[in-house]
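Step one of this worksheet: look at the structure below.
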Amino acid sequence: MQIPNSITYILDRLEQAGYEAYIVGGCVRDALMGHKPHDFDITTSALPEETMQVFSDMRVIPTGLKHGTVTVLYDSEPIEITTYRIDGEYADGRHPDEVRFTRSLAEDVSRRDFTMNGIAYSPERGLFDINCGAEDIRRGVIRCIGDPDRRFGEDALRILRALRFSAVLGFEIEKDTADSLRRNKELLVNVSGERILTELQKLLCGANAGAVLRSYPEVFAQMIPELAPCIGYEQHNRYHSLTLYEHLVEAVENTPAEAGLRLAMLLHDIGKPLTQTEGEDGQWHFYGHAEKSAELSGNVLDRFHASSALRLRVHEIIKYHGMVPENTDKFIRRRLAKHGLSMFRDIMLAHIADDSAKADFARERIPVWQDIIRRAVEIDSQKPCLSIKQLAVNGKDLSVLIPPSPKTGEVLKFLLDGVLDGRFTNDRDELFVQARRYLDEKTE
Ligand code: ATP
Ligand code: MG
């Protein structure tokens, strides 16, 4: 197992002082899977004060003494060392009321969530794996350590972690664990919106996200009640062969693995059941569903305490996912002026994802949407004039034609419209000519 020098050094020092020290959890799991761990957690038999004593010649920060965590700075790299511990009762279904330190590694790994996360390793002592986590990793299985009902009852975040690991690692959730997770889904009310959002974003970006969304719809509806009416909802529309929930999932799968985009696709049609009407031909229509879905997505993201940037991004993608784009420079410039390149690209990616999840004939439009993105990137790279500020003339320049007044703004707006439409070039002389013509016509 490849362990950075800084970590080996810390493990050695603890061992030399007469304590046990291991790396544990996600880093061991990732290493056993052949992935490079993104951080290393150290667990030790030394009590926090003892750890601080061992590293008294280094900078030590008592980051979470109550939970037994001490951070040692090695060449300004922070390394977390946590004392073996047992978690007490979980009265709130989320956090242990108290933690107790122990000298037994077996007790420490048994408080951890899944067998794959309960493996410890020390260069000196080798692998410590009393829950057969390595075997579960080899077989690609997520399994609670101990009784799943009890473990999810202690901390409901584990429900979401199981789904997230399944989505990201492509592992199956073992049957007892999966059944229990479904049975205990209501416990998710104990998990804060922020934590749900963090896990959900990682989950949605997992390569296996679609399969997880399909296997546990009722759990997702527990987190996002707006999804409940979408499950099993037939759309009775010739564009759609899938139920609404299946369409949402397929749209997620057809979007680049980027949290904001995937979240937007998961929610992009949640307003449909509320806007449903039936045409004379028996086809169902959902007029105004994009606006409605955007509005509902705002409620969802407010409950999750999302950043305003994420909230806005998701809202805009959903609001405009149903517009009918034209593959013309004029249309593209107008959209760049309104949304900016990044948001416009997101909106077009949403079109591609949406159409990919519809009946075959809707997919014919996808190459056009791809062309529009390409052309938008090209146009944007030429630094076009997209706002009044970027016009080659300003209000002051125009004062030779008209005294400054609200009319000045009107003229500038007229000039920008012409430039965006490609009727005028953004050239000072030309814009003066156009401004004069506009004013002459107005006064006639
Ligand atoms: P990653 O860091 O890749 O998201 P991880 O498994 O390392 O995955 P962390 O949140 O870093 O997740 O937690 C480190 C370890 O702490 C886990 O591997 C697990 O052993 C334990 N752990 C984390 N959260 C919980 C929890 N809610 N219940 C029980 N054990 C947990
Ligand atoms: Mg980790």
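Remember, it's 1-based here, ligands and their atoms both numbered in the order they're listed.
Residues of the protein with a heavy atom under 4.0 Å from ligand 1 are G25, G26, R29, H38, D41, R111, R112, D113, N117, D155, R158, R161, R164, F165, listed by chain and number.
Counted by atom type alone, E107 and T102 present one or more donor-acceptor pairs between their side chains at under 3.5 Å. With hydrogens and angles left out, the side-chain atoms of T63 and T69 include no donor and acceptor closer than 3.5 Å.
Within the 3.5 Å criterion, the main-chain N or O of V54 finds a donor-acceptor partner in the side chain of R13. For R100 (side chain) and G88 (main-chain N/O), no donor-acceptor pair under 3.5 Å exists by modelled atom type. E15 places a side-chain N or O within donor-acceptor distance of the main-chain N or O of A21, the cut-off being under 3.5 Å.
Look at R59 and D75 and you find no salt bridge, because none of the NZ, NE, NH1 or NH2 atoms lies under 4.0 Å from a carboxylate O.
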